[in-house]
Amino acid sequence: MENAGKGDLCLFIEPYGEDFHLKPGEVFTVAPEAEGIDVWFSTLLWEGGITVWPYEDGDPTKIVLEYTVTDADGNRLECGHQRPPKSAGSDVPELG
C-alpha cells in the first residue's frame with residue numbers, strides 16, 4: 001500500500017483494530033506470518049484512511065490473525081506506528 005496523497009493516511013487492520021500511519025510517499029506491506037497462505041483483502045476506504053480485513057483463499061470466514069506490516073526497507077512496524085498525538089480538547093479516544 002502506498003500513500004500517494006498529500007496528507008497522512010491511516011491503515012487500520014482488522015480484526016484487532018491495529019493502526020499504522022503512512023506519510024505521503026511511504027509504502028507499507030501487509031503479509032501473513034505463515035508462508036504459503038494466499039491472502040486476499042477486503043477494504044473499506046474512508047476520509048483519511050483505509051481499513052483492511054486480511055483473509056485466506058478468498059474465504060472471508062478465514063480471517064488471517066497473524067500478519068506483519070513492514071516499510072519499504074523491510075523494517076517490521078508495530079501498531080501505532082507514526083500515530084499522531086491526541087488533539088487537545090478532542091473527545092476521540094486514542095486507537096490501539
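All of these numbers come straight from a predicted model, not from anything done at the bench.
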Next item on the list: Identify the two heavy atoms, one from P54 and one from V39, that lie closest to each other, and give their separation to 0.1 Å.
Entry: CB-CG1, 4.0 Å
Check: Does some side-chain heavy atom of T68 sit less than 4.5 Å from a side-chain heavy atom of E33?
Finding: yes
Next item on the list: Taking all non-hydrogen atoms of both residues into account, name the closest pair between I37 and E56 and its distance.
Entry: CG2-CG, 3.6 Å
Check: Would V30 and I13 count as a side-chain contact (heavy atoms from CB on, under 4.5 Å) if you check the C-alpha gap in whole Å, the side-chain angles of each, and the deciding distance to 0.1 Å?
Finding: CA-CA 9 Å; V30 179; I13 304 176; 3.9 Å; yes
Notebook entry, point to check: Y16 versus L65: any side-chain heavy-atom pair under 4.5 Å?
Noted result: yes
Check: Are the side chain of D73 and the backbone of N75 linked by a donor-acceptor contact shorter than 3.5 Å?
Finding: no
Next item on the list: Return the minimal non-hydrogen interatomic distance between G7 and P24, and the atom names on each side.
Entry: O-CG, 3.7 Å
Next item on the list: List the steps, then state whether side-chain contact (heavy atoms from CB on, under 4.5 Å) holds for I50 with F12.
Entry: CA-CA 6 Å; I50 183 169; F12 203 71; over 6 Å; no
Checklist line | Side-chain touch H81/F28, heavy atoms, less than 4.5 angstrom | finding: yes
Item checked: Beyond-backbone contact of M1 with F20, side-chain heavy atoms, under 4.5 angstrom -> no
Note to self: Among H21, R83, Q82, K23, which residue satisfies the side-chain hydrogen bond (donor to acceptor under 3.5 Å, both in side chains) criterion with D8?
What the structure shows: K23
Next item on the list: Provide the closest heavy-atom pair for G5 versus N3 in the form atom of the first, atom of the second, distance.
Entry: N-OD1, 2.9 Å
Check: When rounded to the nearest 0.5 angstrom, what is the spacing between OG1 in T51 and CG in L44?
Finding: 5.0 Å
Margin query: Starting from W53, can I reach F41 by hopping between I/L/V/M/F/W/Y residues whose side chains sit under 4.5 Å apart?
Written below: yes
Item checked: Same apolar cluster (I L V M F W Y, side chains within < 4.5 Å links), V52/Y55 -> yes
Next item on the list: Look only at the side chain of D38 and the backbone of D57, and say whether a donor-acceptor pair between them is shorter than 3.5 Å.
Entry: no
Check: Mind checking whether V27 and D71 have side chains closer than 4.5 Å, heavy atoms only?
Finding: no
Check: Do the side chains of D19 and L11 get nearer than 4.5 Å, heavy atoms only?
Finding: no
